[in-house]
Each structure stands twice: as C-alpha cells, then as structure tokens.
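We count residues from 1, following the sequence as given.
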Amino acid sequence: MHAVSQLQQLEAGLESAKAQVELRNQIAKLMDNREFRKVIREAFCEKECARYAQESADPALPDRQRADALAMAQAAGHLKRWLAVQMVMGDNAVGQIPDYEQMIEHVRAGGDVEELGGE
C-alpha cells in the first residue's frame with residue numbers, strides 16, 4: 001500500500017478512535033448527571049416503560065396499540081444497550097490510540113504498516 005494512503009487511513013482511524021473515546025466520556029458524564037438519572041433512567045426507563053409493558057398485555061386494546069406499547073416498553077432496553085456498547089467501544093478505542101500514533105510515526109519515518117504487523 002502506498003505510504004500516503006496508509007497515512008490517510010491511519011489518521012482517519014486515529015480520529016475515529018479519539019471521537020469514540022470522547023463519546024464514551026460524554027456518556028459517562030451524562031450517566032453521572034442527576035437530571036439524566038431522574039428523567040431518563042427513573043421516569044422513562046423504569047416508570048414509563050413499565051407502564052407501556054403493562055399496556056402491551058391489555059387484551060382490551062387493539063393489536064396495533066398493544067404492539068406499539070410493547071415497542072415503547074423495549075425502548076429503555078435499546079437505549080441501555082446502546083449506551084453500554086458505546087462505553088465498551090470507547091474503552092477499546094483508548095487502547096487503539098497509542099497503536100495508531102505509533103503506526104503513523106512509523107509511516108511518516110518511511111516505514112510500512114505491515115512491518116509493524118498492523119492494518
């Protein structure tokens with residue numbers, strides 16, 4: 001692979017890893033925020049989604065309304081899973097940043113990524 005192309009890919013990977021770490025940091029800060037815990041975790045994820053779960057089992061409601069209620073009840077799970085995945089991806093990206101920086105330095109010095117066992 002051409003050095004300029006390698007360098008561009010590595011720099012893009014480094015920026016992506018840094019962005020993922022920043023997102024992880026923002027999510028961690030958000031999850032520690034008292035208002036987030038009160039509004040999103042308690043009011044929505046616990047109370048509102050529980051209400052939707054109960055509504056989804058109400059045989060007096062039309063099928064479409066019960067299906068919509070079930071989808072809303074699941075929203076909390078989707079949100080929690082997305083947040084957890086972003087945290088793990090951010091944790092992984094923290095470890096990738098030094099590798100990207102080392103590979104970028106190596107390519108700028110005239111080396112090749114394959115020599116390092118990278119991309």
Side-chain angles (χ1 to χ4, degrees):
M1 186 184 303
H2 189 268
V4 173
S5 177
Q6 283 183 337
L7 193 55
Q8 289 172 339
Q9 286 183 348
L10 291 169
E11 288 172 341
L14 176 61
E15 289 308 310
S16 178
K18 286 180 177 180
Q20 189 65 50
V21 170
E22 179 62 24
L23 179 60
R24 180 207 61 176
N25 294 343
Q26 291 170 338
I27 290 170
K29 184 177 178 181
L30 184 65
M31 291 174 74
D32 285 340
N33 181 284
R34 184 172 50 100
E35 286 81 14
F36 178 83
R37 287 193 311 267
K38 184 174 177 135
V39 172
I40 302 300
R41 291 175 72 183
E42 293 173 19
F44 177 70
C45 291
E46 294 173 13
K47 294 176 184 166
E48 191 67 8
C49 288
R51 185 183 68 77
Y52 279 121
Q54 292 171 8
E55 190 175 296
S56 73
D58 186 346
L61 295 176
D63 288 345
R64 179 68 188 165
Q65 192 171 346
R66 284 187 290 149
D68 289 346
L70 180 58
M72 286 300 295
Q74 293 173 337
H78 293 297
L79 175 61
K80 286 180 178 182
R81 182 177 181 333
W82 183 83
L83 292 170
V85 166
Q86 297 309 310
M87 293 295 289
V88 169
M89 289 173 57
D91 290 343
N92 291 337
V94 167
Q96 293 172 347
I97 290 173
D99 295 338
Y100 276 117
E101 289 171 341
Q102 178 187 11
M103 287 188 279
I104 288 169
E105 186 177 314
H106 181 74
V107 170
R108 284 184 178 153
D112 193 270
V113 173
E114 283 78 25
E115 295 169 3
L116 293 173
E119 308 207 333

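- Heavy-atom minimum distance, D91 versus R24: OD1-NH1, 2.9 Å.
- If you take CD on E15 and CD1 on I97, they are separated by 9.0 Å, rounding to the nearest 0.5 Å.
- Counting heavy atoms of neighbouring residues, nucleotides and ligands inside a 6.0 Å radius, atom CZ of R41 does not exceed 12 of them.
- Nearest heavy-atom pair, A69 versus E55, reported as atom, atom and distance to 0.1 Å: CB-OE2, 3.7 Å.
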If you look only at distance, which donor and acceptor atoms sit under 3.5 Å apart when one is on a side chain in residues 27-38 and the other is two or more places apart or in another chain?
{"unit_1": "N33", "atom_1": "OD1", "unit_2": "E35", "atom_2": "N", "d": "2.8"}
{"unit_1": "N33", "atom_1": "OD1", "unit_2": "F36", "atom_2": "N", "d": "3.0"}
{"unit_1": "R37", "atom_1": "NH1", "unit_2": "D32", "atom_2": "O", "d": "2.6"}

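- Minimum heavy-atom separation, L61 to R66: O-NE, 3.2 Å.
- One finds no salt bridge joining K18 and E22 here, because no Lys/Arg side-chain nitrogen approaches an Asp/Glu carboxylate oxygen to under 4.0 Å.
- The two residues A93 and Q20 make their nearest non-hydrogen contact at CB-CB, 4.0 Å.
- Cluster membership check: M89 does not share its hydrophobic cluster with Y100, using side-chain heavy-atom separations under 4.5 Å among Ile, Leu, Val, Met, Phe, Trp and Tyr.
- Residue-environment remark: CD (E105) stays at or below the threshold of 12 foreign heavy atoms within 6.0 Å.
- The CZ atom of R81 sits 9.5 Å away from atom NE2 of H78, with the distance rounded to the nearest 0.5 Å.
- No continuous path of hydrophobic side-chain contacts links V94 to L83 [ILVMFWY only; heavy atoms under 4.5 Å].
- Taking hydrophobic clusters as Ile, Leu, Val, Met, Phe, Trp and Tyr residues chained together by side-chain heavy-atom distances below 4.5 Å, W82 shares a cluster with V39.
- Distance check, rounded to the nearest 0.5 Å: CD of E48 to CD of E42 gives 14.0 Å.
- M72 and I40 are not part of a single hydrophobic cluster, where members link through side-chain heavy atoms under 4.5 Å apart.
- Listed for the S56 side chain is a donor-acceptor partner under 3.5 Å among the backbone atoms of A53.
- No chain of hydrophobic side-chain contacts below 4.5 Å, direct or via other Ile, Leu, Val, Met, Phe, Trp or Tyr residues, connects V21 to M87.
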